[in-house]
Amino acid sequence: MNTLLFLARVSGLAVAFLVLFWTLSFKSSFLNPSLPQQDLIYAILHPLLMVIGFILLSGEAILVHRWLPGSKGLKKLVHLWLQGLALSCGIFGIWTKFQGKDGIVANFYSLHSWMGFICVSLFGAQWLIGFSNFWHRGEVRRVRTKILPWHVFVGLYTYALAVATAETGLLEKLTFLQTQRNVSKHNTESMVVNTLGLCLALFGGFVILAAVSPNKYQYIQNKLLYSS
């Protein structure tokens, strides 16, 4: 488990570095320089918020139950607030795409945009259900037990969907740059975006694998059960 957490953290740091390097070093790729500076800021904020704020933060929230010492209540609290912060970044990240000159309709036509809207909507519903059933002390334990498997499944499905949505966004952006702006397929920016996509896929895989792998206590229990 420590190995999985280490690999997740390393790949997550690589993702954060690459998306920062891409957005800050290739600003002209995100918007025509002739347009207002405010539109450029919104265009750059979108990948930063969706990748670092939404995907990396929610991945860390998933891993909280694996590394954070303390009571279950503390883990649930940290998980809840990290997921809430990630959701806020996701909502704000979508909002930035609607603030440019073209408006909502022009930015809501692609598979990437549809997947992103569905993903953030599912994430929001998942957060509200998780809050009401796992944090609110008025819920009976029997209800929580029934909902837990679905909570875990929908959470991991939504997270995988978020990673897939980011990958479609990278592909969409790179295709636009290569076809509309004649960016070479072998130039530095293309390599950065491709590497970012690979690191993002690795990070998502490590997070999900760490989430579904049994912890040391479950491992000991299973070993005792099967040995008996």
Side-chain angles (χ1 to χ4, degrees), residues 1-20 48-93 119-120 122-166 199-225:
M1 182 57 64
N2 291 334
T3 302
L4 284 177
L5 290 175
F6 174 76
L7 292 173
R9 295 280 167 68
V10 170
S11 55
L13 286 174
V15 167
F17 170 77
L18 287 170
V19 74
L20 282 169
L48 292 178
L49 287 167
M50 301 310 290
V51 175
I52 296 178
F54 189 55
I55 294 178
L56 294 189
L57 265 182
S58 58
E60 190 61 35
I62 292 173
L63 296 175
V64 157
H65 293 287
R66 297 294 177 174
W67 64 264
L68 184 66
S71 65
K72 288 185 178 180
L74 175 63
K75 293 179 181 180
K76 286 164 60 178
L77 178 63
V78 176
H79 176 80
L80 177 73
W81 285 106
L82 281 177
Q83 293 287 46
L85 184 58
L87 176 62
S88 300
C89 289
I91 294 173
F92 187 44
C119 181
V120 172
L122 276 176
F123 197 95
Q126 171 80 348
W127 189 86
L128 290 174
I129 293 172
F131 176 83
S132 62
N133 288 285
F134 291 95
W135 186 251
H136 193 273
R137 298 184 182 277
E139 295 295 334
V140 252
R141 185 179 182 85
R142 183 171 55 86
V143 175
R144 297 179 188 176
T145 304
K146 287 184 177 180
I147 292 178
L148 179 59
W150 291 103
H151 178 76
V152 173
F153 166 74
V154 175
L156 292 180
Y157 172 78
T158 305
Y159 186 73
L161 182 63
V163 174
T165 302
C199 291
L200 195 55
L202 287 173
F203 174 73
F206 289 137
V207 168
I208 293 174
L209 182 57
V212 300
S213 298
N215 57 35
K216 61 180 180 179
Y217 302 107
Q218 292 173 322
Y219 176 78
I220 293 172
Q221 289 175 354
N222 292 336
K223 187 176 181 180
L224 291 173
L225 175 65

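- Residues passing the ring-ring contact (aromatic ring centres under 6.0 Å, His included) test with F123, sequence neighbours excluded: F54.
- The salt bridge (Lys or Arg N to Asp or Glu O under 4.0 Å) contacts involving residues 77-89 comprise nothing, where partners must be two or more places apart or lie in separate chains.
- A parallel orientation is assigned to the rings of F131 and W127, their planes being inclined by less than 30° (bins at 30° and 60°).
- Closest non-hydrogen pair, G53 versus L57, comes out as O-CB, 3.0 Å.
- At least one donor-acceptor pair under 3.5 Å links the side chain of R66 to the backbone N or O of A211.
- Of all the heavy atoms in V212 and L156, the pair that sits closest is CG1-CD1, 3.6 Å.
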Report, one line per pair, each donor and acceptor closer than 3.5 Å where one atom sits in a side chain of residues 78-91; sequence neighbours left out.
| from | atom 1 | to | atom 2 | distance (Å) |
| --- | --- | --- | --- | --- |
| H79 | ND1 | A61 | O | 2.7 |
| S88 | OG | G84 | O | 3.0 |

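- Qualifying side-chain contact (heavy atoms from CB on, under 4.5 Å) partners for Q126, counting only residues two or more places apart in sequence or in other chains: H151, V154.
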Pair I208-I62, side-chain contact (heavy atoms from CB on, under 4.5 Å): steps then yes or no
CA-CA 8 Å; I208 293 174; I62 292 173; over 6 Å; no
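- Atom SG in C119 sits 4.5 Å away from atom CG in L161 (nearest 0.5 Å).
- Rounding to the nearest 0.5 angstrom, the gap separating the CG atom in L7 from the CG atom in N2 is 11.0 Å.
- For F92, the ring-ring contact (aromatic ring centres under 6.0 Å, His included) partners at least two apart in sequence or on another chain are W95.
- Counting only residues at least two apart or on different chains, the salt bridge (Lys or Arg N to Asp or Glu O under 4.0 Å) pairs with a member in residues 49-63 are R9-E60.
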